[in-house]
Amino acid sequence: MVGTHGMRVGRAMSRLDGRVAIVTGGAAGIGRHYSKALAEAGARVMIADILNGEGVAGEIASACGASSVAAATFDVSDEASVKSLVATTLDRFGQIDILVNNAALYAKLTPVNVTDIDADLWDKVMAVNVRGAFLMVKHVAPHMQARRKGKIINIASGTAYKGIPRMLHYVTSKGAIVSFTRALSRELGAFDIAVNTLAPGLILSDTGIENTQHHDEERAPVRNSRAFKRDAYPEDLLGALIFLASSDSDFITGQTIAVDGGSINT
Ligand SMILES: NC(=O)c1ccc[n+]([C@@H]2O[C@H](COP(=O)([O-])OP(=O)(O)OC[C@H]3O[C@@H](n4cnc5c(N)ncnc54)[C@H](O)[C@@H]3O)[C@@H](O)[C@H]2O)c1
């Protein structure tokens with residue numbers, strides 16, 4: 001819908017009008033909420049996931065217009081697949097302003113003692129959670145560098161700060177993301193590209209809700225560790241996401257913003 005001054009109306013925010021975002025893992029779980037929130041804030045969104053994102057894309061198209069969204073299936077750990085995803089995004093939208101490195105192996109993982117972690121699973125977690133973020137940056141950054149602008153938001157986790165046990169593969173991968181952000185921000189700062197980490201606490205997302213970690217006996221200690229003693233939901237993350245994606249955060253880079261009700265202090 002177009003208002004009297006030619007502005008799109010009917011949505012709460014328009015801070016990302018004219019921007020293009022890629023959300024890896026954007027078809028399910030928390031990423032699905034990121035995809036929707038970025039579109040509602042005015043961005044055109046490429047939903048990039050190993051799962052089919054057409055359903056979410058359809059919901060976004062109904063709410064924000066068909067030109068505001070596309071979905072592509074890809075494997076973030078595979079370089080050829082990443083290159084093709086980036087090329088498809090540029091073909092479709094002509095630019096990339098925002099990269100949300102959200103894809104990860106998380107909800108499907110179950111707690112396991114270090115001595116029982118299968119070495120192939122360890123490699124798989126690192127391939128998706130760490131190599132995936134690296135490959136996305138490797139192929140998106142040249143485009144951002146040429147335009148001398150960009151926002152890269154890497155999704156880590158409060159578990160990297162808490163060092164929770166029996167998830168060593170996952171926690172190690174998220175610790176790597178914090179360091180990845182710090183080093184990358186210094187390298188890409190010369191191109192005015194901002195790189196920050198968003199570190200959620202335990203979030204009750206639709207993919208995680210059946211995970212054992214989300215059972216109440218696991219959630220209660222997490223709630224008690226917070227200054228705000230309640231469960232958290234994907235919606236709790238969206239304000240920080242849009243802030244980091246928008247020009248409101250233009251002088252912020254290399255930082256970790258924890259969104260967890262005050263459980264950890266970064
Ligand atoms: N849910 C939580 O409590 C929580 C807490 C802190 C951090 N996080 C982080 O937030 C992000 C999203 O978490 P979630 O709960 O939605 O997890 P999830 O495991 O449900 O979702 C991850 C998404 O990544 C996609 N994906 C997995 N492998 C892929 C691959 N090879 N290529 C492309 N896409 C792939 C999945 O299909 C899914 O859409 C993750 O980075 C996770 O580590 C989650």
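In each ligand, atom 1 is the first atom listed, and ligand 1 is the first ligand listed.
- The backbone N or O of V195 sits less than 3.5 Å from a side-chain atom of T253, completing a donor-acceptor pair.
- Note on ligand 1: K174 sits in its first shell, one or more heavy atoms being nearer than 4.0 Å.
- Looking at I203 against ligand 1, both its backbone and its side chain come within 4.0 Å, counting heavy atoms.
- Closest non-hydrogen pair, A27 versus N52, comes out as CB-O, 4.1 Å.
- Considering D49, N52, T24 only, the shortest heavy-atom separation from atom 36 (C) of ligand 1 involves D49.
- Looking at T207 next to ligand 1, an N or O pair under 3.5 Å apart turns up.
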* Asked: Run the side chain to side chain contact (heavy atoms under 4.5 Å, CB included) check on N196 and T256 step by step: do they pass?
  -> CA-CA 6 Å; N196 289 291; T256 299; over 6 Å; no
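- Between D206 and R32, at least one side-chain N (NZ, or NE/NH1/NH2) sits under 4.0 Å from a carboxylate O, which counts as a salt bridge.
- In summary, R226 and D260 do not engage in a salt bridge, as defined by a charged side-chain N under 4.0 Å from a carboxylate O.
- Between Y170 and ligand 1, at least one N/O pair is under 3.5 Å apart.
- Contacts of S205 with ligand 1, taken as heavy-atom pairs under 4.0 Å, involve the side chain alone.
- Every atom of ligand 1 is numbered from 1 in the order shown, and the set under 4.0 Å from a heavy atom of D75 is 30 (C), 31 (N), 32 (N).
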* Asked: Is there a salt bridge (charged side-chain N to carboxylate O under 4.0 Å, His left out) between R223 and D231 once you walk through the steps?
  -> CA-CA 6 Å; R223 280 196 303 268; D231 287 326; 3.1 Å; yes
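- The minimum heavy-atom distance linking T266 with I264 is given by the pair CG2-CD1, 3.8 Å.
- On a distance-only criterion, A48 and ligand 1 share no N/O pair closer than 3.5 Å.
- If you number the atoms of ligand 1 from 1 as listed, the ones under 4.0 Å from a heavy atom of L202 come out as 3 (O).
- Within 6.0 Å of CD on E187 lie no more than 12 heavy atoms contributed by other residues, nucleotides or ligands.
- Using a 4.0 Å cutoff on heavy atoms, A156 counts as a contact of ligand 1.
- Proximity of G201 to ligand 1 is established by a heavy-atom distance of less than 4.0 Å.
- Atom CZ of R186 has 12 or fewer neighbouring heavy atoms from other residues, nucleotides or ligands inside a 6.0 Å radius.
- Atom numbering of ligand 1 starts at 1 in the shown order; those under 4.0 Å from a heavy atom of L51 are 37 (O).
- The shortest heavy-atom contact between Y170 and S157 is OH-CB, 3.7 Å.
- Residues I47 and V69 approach most closely at CD1-CG2, 3.8 Å, considering heavy atoms.
- Closest heavy-atom approach to atom 11 (C) of ligand 1 among the candidates L237, V23, N102: N102.
- Proximity annotation for atom 17 (O) of ligand 1: of F74, Y106, Y34, Y106 comes nearest, heavy atoms only.
- With ligand atoms numbered from 1 in the order given, ligand 1 contributes 16 (O) to contacts under 4.0 Å with heavy atoms of G29.
- Against a heavy-atom cut-off of under 4.0 Å, I155 is close to the following atoms of ligand 1: 9 (C), 10 (O), 11 (C), 41 (O).
- Below 3.5 Å of separation, one finds no N or O of G158 facing any N or O of ligand 1.
- Scanning A27, G31, A104 for the heavy atom closest to atom 21 (O) of ligand 1 points to A104.
- Taking a cut-off of under 4.0 Å to the non-hydrogen atoms of G25, the atoms of ligand 1 that pass are 23 (C), 24 (O), 25 (C), 39 (O).
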